Amino acid sequence: MDPARPDACMRYEYEIDKLWTGANYGNLEAYARAGADSDMLGLWSAVDDQHYCGKWQISFFAEGDELGPHTTIFEPAHQTTNYHGHGLSISKTFLLPYGDGFKRAAYFIIKARNSLDRPQQFGIVCDIAYPEFTWPDYVKTADMGQKRKRFTSEIVGDRIVSRTDGREQEVRVIGGTLPFDVHFFSKRGASLTYSVTLEPGEEREEAFVMVIGSHGADRALAELEDALDYRTVFQHTRENMARVVATADLWTPDALINRAVRWAKVNIAREQKSYPCGPGFTNDPPQDVLVVRDAAWFALGTDYLAPEFSTGMLDLISRHGIEDGGKITEFILCCENPVFKHDYDLSINDNSPLFMIAAYHNYALTGDRDFLDRIYPTVRDCAHYILGQRRDGLVYCDSEEANAWGICGWRNIIPEYQISGFPTEVNCECCLALRLAGELAQVVGDPDHAEMFRREAEALREAINRELVSRSTGFYVLNIAPDGRPNEILSGDQIFPVITGVADDEMSARILDLLAQPEFRTGYGIRTVAVGQKGYDPEFGVRLMGGIWPNLTCWVAYGNRRHNPDFMVDAMRNVYRISESPVPRELKNIVPGEFPECLHGENYESRGMALSPWVPPTYLWLAMEGPAGIEPSIDGRLHVNPNLPRSWSSLALLNVPWNGRYVSFFVHEGKLYSNVELISEYPQETFERDVTSHIKCEAYTVALSGKDETVIFVASDSRQNVRVELDRELSQQPRTFELSLNPGEARVLRVAREG
């Protein structure tokens with residue numbers, strides 16, 4: 001694996017008046033938001049689930065005027081806003097470090113240049129408020145306990161130390177490369193003023209740092225001194241994020257999809273957290289609430305980026321998320337001691353089968369037998385619990401409540417709505433989970449359970465197709481309610497029988513064709529409920545009754561991977577293209593490079609989270625198992641059958657983690673090339689190793705080497721002249737090739753070894 005592969009073409013620049021808000025940033029221990037002008041709008045710690053700063057806004061003044069922001073640049077590692085006026089060019093970069101070290105530190109890097117032929121002075125004003133509060137453009141409501149915090153601040157040397165009243169070990173320490181001229185402290189924060197004079201033509205760089213911690217001022221002050229080496233932190237963050245982008249690096253002839261996959265990985269990395277009880281993820285950051293259904297979907301994508309993180313998160317759930325009888329809980333509070341869990345008192349919901357599916361998926365891609373031995377008892381007991389919830393052959397949820405207490409599937413936040421009784425979604429997920437549990441039982445040497453789980457999975461599949469298909473619509477019912485009434489509304493939930501393998505080929509084709517109709521399909525994705533259905537509303541219920549949720553669009557795209565690859569690719573484009581809107585402000589809570597939570601079903605405005613924590617991993621899962629065609633299996637072989645639309649003749653995947661190693665492969669004009677032997681319907685050539693790091697090329701490149709020759713895949717997202725250079729590891733004499741590539745074009749070079 002080449003860890004230094006550049007994150008090229010991952011830069012968005014927008015005029016400030018076209019933006020609604022800024023990006024969301026995170027590392028294992030902290031989470032922060034930025035405004036459109038790169039101010040910090042919140043800083044939270046995953047170590048203790050505490051908010052440390054509500055805002056840190058930085059303004060610039062020259063000759064009595066405040067300089068206004070002009071443009072903001074979004075990149076994987078940071079965000080930068082540019083200011084101009086009175087002969088000054090100033091940039092403000094916000095950075096939350098990613099990687100080892102300084103995880104709970106936030107940085108501002110200020111660069112200024114004086115273009116005048118005389119000295120120019122400007123002022124920097126920092127307005128800092130520590131209590132968390134709710135911003136107008138932010139959907140999450142701040143906790144009152146955090147909003148009511150008060151603080152005591154003091155100057156220690158040239159540093160500022162602010163302690164939380166009543167929690168004196170909870171501190172934030174501010175320092176930088178500039179001494180402040182004026183300061184003002186209140187019980188809510190601080191105001192700091194700095195002055196800078198630049199000589200004619202002079203450029204200067206300054207930095208401010210806030211270090212947060214729950215172990216007192218002395219420790220935070222010591223950490224600050226190390227953290228002030230901001231250039232090293234900045235460089236390490238860029239390098240670490242480049243490694244994220246370089247993992248599972250997919251190239252397709254569609255440049256938008258390529259960018260989407262890379263940004264999906266960046267956003268996954270920002271959402272991973274290290275809680276006191278283990279690695280985890282939350283569906284509504286910043287908080288310590290791990291919802292198992294969303295964690296399971298998160299794991300399916302993260303298995304292709306950081307499988308060890310998925311393994312640790314599933315272990316956390318197995319340790320702390322088991323209810324009596326083996327059921328998997330709804331959510332876990334990961335910073336509580338002891339750890340708290342709750343299941344909304346539902347007799348069954350989707351968390352149990354999704355956890356089982358995620359456990360199978362992780363083992364299939366890692367081959368980690370120790371993990372399987374640890375997790376199998378949880379999977380086995382959960383399978384028994386599911387089997388104990390059957391009535392008349394179907395899995396039954398006995399709730400007669402509403403909202404989260406009465407909806408046992410993924411759309412569980414619709415006000416006063418109920419999906420219980422016999423829900424098709426959960427029955428289908430349980431069917432798949434039982435079948436996969438049977439396969440895991442066979443691996444661990446438990447043949448009796450292997451046979452029983454497979455048999456019961458088939459019986460459940462037959463019952464679903466016998467009892468949950470509507471006689472009037474010919475499609476699956478949403479559910480049969482506890483009072484016996486079938487809910488025949490046509491919703492996006494029809495996709496679950498398809499992607500779980502419950503529906504046969506004929507029914508799957510009918511469902512996929514239904515979901516492709518204009519009542520469902522839009523230019524930004526699939527509606528949750530079809531236009532014209534009873535209860536349809538493009539906004540109501542967090543847009544779950546007719547709005548657009550990108551994760552649903554990903555599921556529908558996945559269902560089409562073999563049925564209609566052209567639809568799959570179109571859906572993948574539609575999910576991400578809103579993230580490259582020419583004027584994000586017109587669609588409200590949209591940030592370039594981030595996948596929004598949900599959209600209004602008709603005007604397509606985003607009023608949910610600007611960055612959905614679960615859509616990026618779902619998109620990565622779709623990319624890996626849709627176009628790239630990876631088919632996870634526990635037989636110890638890598639199964640790959642790329643699903644290419646009619647207009648594609650090539651696809652490549654570099655550095656995908658599998659079974660403790662990195663695999664690279666590409667398909668070109670009907671043939672598959674790889675550095676491991678694949679199980680595939682494609683004719684293939686297998687090479688001994690990936691030697692991409694020995695190729696110098698500005699375009700996307702995969703190089704595989706065998707005993708007699710090296711094969712080089714070169715592709716481009718844009719029209720460019722390409723120079724391919726082989727180093728001495730591959731060629732005794734310098735070898736150079738020059739190509740001219742069109743957008744979406746790929747070439748394959750074959751280079752024989754000398755002698």
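Bear in mind that the values here come from a model prediction, so they are computed numbers and not experimental data.
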May I ask you to check whether [Y] and [X] place their ring centres under 6.0 Å from each other?
| X | Y | value |
| --- | --- | --- |
| F453 | H384 | yes |
| W297 | W621 | yes |
| Y558 | H563 | no |
| F496 | W555 | yes |
| F298 | W614 | no |

So, [X] and [Y]: side-chain donor and acceptor under 3.5 Å apart, yes or no?
| X | Y | result |
| --- | --- | --- |
| S491 | Q533 | no |
| Q287 | T282 | yes |
| N362 | T311 | yes |
| S664 | N675 | no |
| Y304 | E625 | yes |
| E416 | N403 | no |
| D343 | T329 | no |
| E488 | T473 | no |
| H449 | D446 | yes |
| D249 | N655 | no |
| E681 | H639 | no |

Closest non-hydrogen atom pair between [X] and [Y], with its separation:
| X | Y | value |
| --- | --- | --- |
| L346 | C397 | CD2-SG, 3.8 Å |
| P616 | N267 | CG-CB, 3.7 Å |
| D288 | D49 | OD1-OD2, 3.4 Å |
| G492 | L552 | O-CD1, 3.5 Å |
| Q418 | N479 | O-ND2, 4.4 Å |
| T528 | M545 | OG1-N, 3.5 Å |

Could you tell me how the ring of [X] sits relative to the ring of [Y]: parallel (under 30°), tilted (30 to 60°) or perpendicular (over 60°)?
| X | Y | value |
| --- | --- | --- |
| F331 | F340 | tilted |
| Y619 | Y576 | tilted |
| W405 | Y344 | perpendicular |

Taking Y673 as the fixed residue, which of Y682, F666, F665 is the one that meets the ring-ring contact (aromatic ring centres under 6.0 Å, His included) rule?
->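 Answer after filtering Y682, F666, F665: F666.
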
Could you please spell out the steps behind the side chain to side chain contact (heavy atoms under 4.5 Å, CB included) verdict for I495 and L515?
-> CA-CA 8 Å; I495 195 60; L515 296 174; 4.0 Å; yes

Inspect the contact between [Y] and [X] and indicate whether a charged nitrogen and a carboxylate oxygen are less than 4.0 angstrom apart.
| X | Y | result |
| --- | --- | --- |
| D570 | R521 | yes |
| R485 | D483 | yes |
| R369 | D373 | yes |
| E456 | R390 | yes |
| E330 | K341 | no |
| R411 | D493 | yes |

So, the side chain of [X] versus the backbone of [Y]: is there a donor-acceptor pair under 3.5 Å, distance only?
| X | Y | answer |
| --- | --- | --- |
| N560 | P565 | no |
| T247 | R243 | yes |
| E425 | W410 | yes |
| R319 | C277 | yes |
| S352 | K327 | no |
| R561 | N643 | no |
| E597 | G608 | no |
| T302 | S310 | no |
| S420 | D398 | no |

Would you sort out whether V640 and M624 count as a side chain to side chain contact (heavy atoms under 4.5 Å, CB included), showing the intermediate values?
-> CA-CA 10 Å; V640 175; M624 296 297 104; over 6 Å; no

Counting C-beta onward and ignoring hydrogens, is there a side-chain heavy-atom pair between [X] and [Y] closer than 4.5 Å?
| X | Y | result |
| --- | --- | --- |
| L651 | P627 | yes |
| L653 | V656 | yes |
| L490 | V529 | no |
| E519 | L514 | no |
| V676 | N659 | no |

Donor-acceptor list for residues 459-469 side chains, cut-off 3.5 Å, not counting sequence neighbours:
| unit_1 | atom_1 | unit_2 | atom_2 | d |
| --- | --- | --- | --- | --- |
| R461 | NE | E458 | OE1 | 3.2 |
| R461 | NE | E458 | OE2 | 3.4 |
| R461 | NH2 | E458 | OE2 | 2.8 |
| N465 | OD1 | Y476 | OH | 2.4 |
| N465 | ND2 | R461 | O | 3.1 |
| N465 | ND2 | V502 | O | 3.1 |

Rounded distance [0.5 Å steps], CE in M452 versus CZ in R380 |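 Rounded to the nearest 0.5 Å, the CE-CZ separation comes out at 10.0 Å.
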
To the nearest 0.5 angstrom, please state how far the CG atom of N283 sits from the CG atom of D294.
->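 N283 CG to D294 CG: 4.5 Å, rounded to 0.5 Å.
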
For the side-chain contact (heavy atoms from CB on, under 4.5 Å) test, which of V542, V615, L599 pairs with W549?
->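 Per the side-chain contact (heavy atoms from CB on, under 4.5 Å) rule, the option paired with W549 is V542, out of V542, V615, L599.
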
Do other residues, nucleotides or ligands put more than 12 heavy atoms under 6.0 Å from the CG atom of D392?
->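 Counting other residues, nucleotides and ligands, CG of D392 stays at 12 neighbours or fewer.
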
List the steps and the verdict of salt bridge (charged side-chain N to carboxylate O under 4.0 Å, His left out) for K671 and E685.
-> CA-CA 8 Å; K671 192 172 186 179; E685 284 191 57; 2.7 Å; yes

What do the steps show when you test K265 against L620 for side chain to side chain contact (heavy atoms under 4.5 Å, CB included), and what is the final call?
-> CA-CA 7 Å; K265 292 178 288 188; L620 182 59; 4.0 Å; yes

Side-chain donor-acceptor contacts of residues 428-441 below 3.5 Å, not counting sequence neighbours, with atom names and distances?
| unit_1 | atom_1 | unit_2 | atom_2 | d |
| --- | --- | --- | --- | --- |
| R435 | NH1 | E439 | OE2 | 3.2 |
| E439 | OE1 | Y360 | OH | 2.7 |

Test I679 against E631 for side chain to side chain contact (heavy atoms under 4.5 Å, CB included), laying out the working first.
-> CA-CA 10 Å; I679 305 300; E631 300 169 356; over 6 Å; no

